[in-house]
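Counting starts at 1 for both ligands and their atoms, following the listed order. FYI, the numbering just counts along the sequence from 1.
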Amino acid sequence: MGLRKDFLWGGATAANQFEGGYQTGGKGLSSVDVIPKGENRFPVMRGEMDYRTLPQGSYYPAHEAVDFYHHYKEDIALMAEMGFKAYRFSMSWTRIFPTGLEKEPNEAGLAFYEAVIDELLKYDIQPIVTICHFDAPLQLIEEFGGWKSRQMIDCYLAYCQAIFARFKDKVKYWMTFNEINMLMHLPFMGAGIRFEEGENKQQVLYQAAHHELVASAKATALAKSINPDFQIGCMLAAGQYYAQTCHPNDVFDALDKNRDNFFFIDVQSRGYYPAYALKYLEREGIVLEMDATDGQVLRDNTVDYIGFSYYSSRLTGTLEREGEQTAGNVFATLRNPYLDRSEWGWQIDPVGLRITMNALYERYQKPLFIVENGLGAVDHVEEDGMIHDSYRIAYLKDHISEMIKAVELDGVDLLGYTPWGCIDLVSASTGEMSKRYGFIYVDKNDKGEGSLKRIPKDSFYWYKKVIASNGKELDTFEKSSL
Ligand code: BG6
């Protein structure tokens, strides 16, 4: 009973929010490099505002982020000190192919990730690589319109070929696209899409989705041809929808919203467009351009495991549309009166994690991997230089308890748990530094000022104990000096 002996405890980050070095080592510009902090952030991420019209002097938090690029040895040593078994990070496409169109990969980019991976392996930390985490070469956006265009598929595959070949003996777990369903909500951030006047947005989004789904399946085929032991996963922004009341219309509404989320994973895991999606496309008059072989490609190359992020459940209803809304992981949702909320309005629902795990496992019958979870909160450095983040420990403890119940009591097969932003990083939604998730504090503020010094928080020592006990000791921890 209990978690697997080789359970992958660790943490997760993404290049665009963590790495910095945006023009170092020959890196080209990415979509995230032109997403500013402030009031224009959401319009740009949604593809409704052209980044080229942004005012001079806009601040771009991804440029430096927290400079993992120059701190990776120190950061990985801290992860090792916590006992990490795995570290999930994304590679930046434009470090490998600066414009996305080069014939050969950029050696400096490959060498950087090789150095990171070798450092991880030195401590027996398993690298888990997200191939594309809210990141597309700007040049491809300018030339092709991002994932609107089918030409993206070959560019993406060239990038996959380069990293699969280089790291074939060093990386086992890969994910093709982070939160692939985010494309529907933040099209520029998720897929480099900017809308033209009069464009049918749903048509554009589903066509882009199709391109990403085919790219993901072709990447899976390519991966297996390079190393049959590679494990390729999808990655969903998960969080079960609940019905606001037991009125059957509300129950159906929740079912319908859950399907919207499952759509991508249904294709990636089962290998075909589900009936409800085909009916939706037909009703909306959306006609997808597909190559004759696409259906076969999707069918033959399904994923090995289901990676997902979970921050909160969601609530929906048809009767009380006016019900109070609250923020969520990009998706606003109705306020659930039974749940507390974070400082950013995200509802806190540990049991929802167990519910979500069960829903995913029953639907796909494939191993799950919780690759993001956590509490974004403001931290204070006390006079003694410490950060006492008992609120974060409470959040994680409650979620880990429910995660273990899903494994022990419900029989869910779970590969690992890599909570988000294990070292503080830039928030994807707001661009803030003050929305912190880490076990390790980074001295940097929302204006971009700070020494970038790393300081372990109380949760660092707590998580170390959790890992050492394989999830058995969730209550006690002692601080020891490093
Ligand atoms: C997920 C993303 O949506 O949630 C991360 O994969 C993101 O990139 C995380 O950072 C938390 O969201 P936020 O907006 O608090 O950074």
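- The shortest separation from a heavy atom of F134 to ligand 1 is under 4.0 Å, placing the residue in contact.
- Ring-centre distance between W462 and F439: not below the 6.0 Å cut-off.
- Between M235 and ligand 1 there is no heavy-atom distance shorter than 4.0 Å.
- Contact annotation: the side chain of V466 approaches that of L474 to within less than 4.5 Å [non-hydrogen atoms, C-beta and beyond].
- The part of W346 lying near ligand 1 is the side chain, judged by heavy-atom distances below 4.0 Å.
- Atom CG of N445 has more than 12 heavy atoms from other residues, nucleotides or ligands within 6.0 Å.
- Backbone and side-chain nitrogen or oxygen atoms of E179 are examined, and one is located within less than 3.5 angstrom of a nitrogen or oxygen of ligand 1.
- The six-membered or imidazole ring of F263 lies near that of Y206, with a centre-to-centre distance under 6.0 Å.
- Contact atoms of ligand 1 toward K435: 13 (P), 14 (O), 15 (O) (distance under 4.0 Å to a heavy atom of the residue).
- In this structure, H399 and L375 have side chains that are not in contact, with every pair of non-hydrogen atoms separated by 4.5 Å or more.
- Aromatic pair F68/H71: centroids not less than 6.0 angstrom apart.
- Atom numbering of ligand 1 starts at 1 in the shown order; those under 4.0 Å from a heavy atom of A428 are 7 (C), 8 (O), 10 (O), 13 (P), 14 (O), 16 (O).
- Looking at N178 against ligand 1, only its side chain comes within 4.0 Å, counting heavy atoms.
- Close approach of ligand 1 to Y437 (heavy-atom distance below 4.0 Å) involves ligand atoms 11 (C), 12 (O), 13 (P), 15 (O).
- Within 6.0 Å of CD on E39 lie no more than 12 heavy atoms contributed by other residues, nucleotides or ligands.
- For ligand 1, the atoms closer than 4.0 angstrom to any heavy atom of S427 are 13 (P), 14 (O), 15 (O), 16 (O).
- Considering backbone and side-chain N/O of S429, one or more are found under 3.5 Å from N/O of ligand 1.
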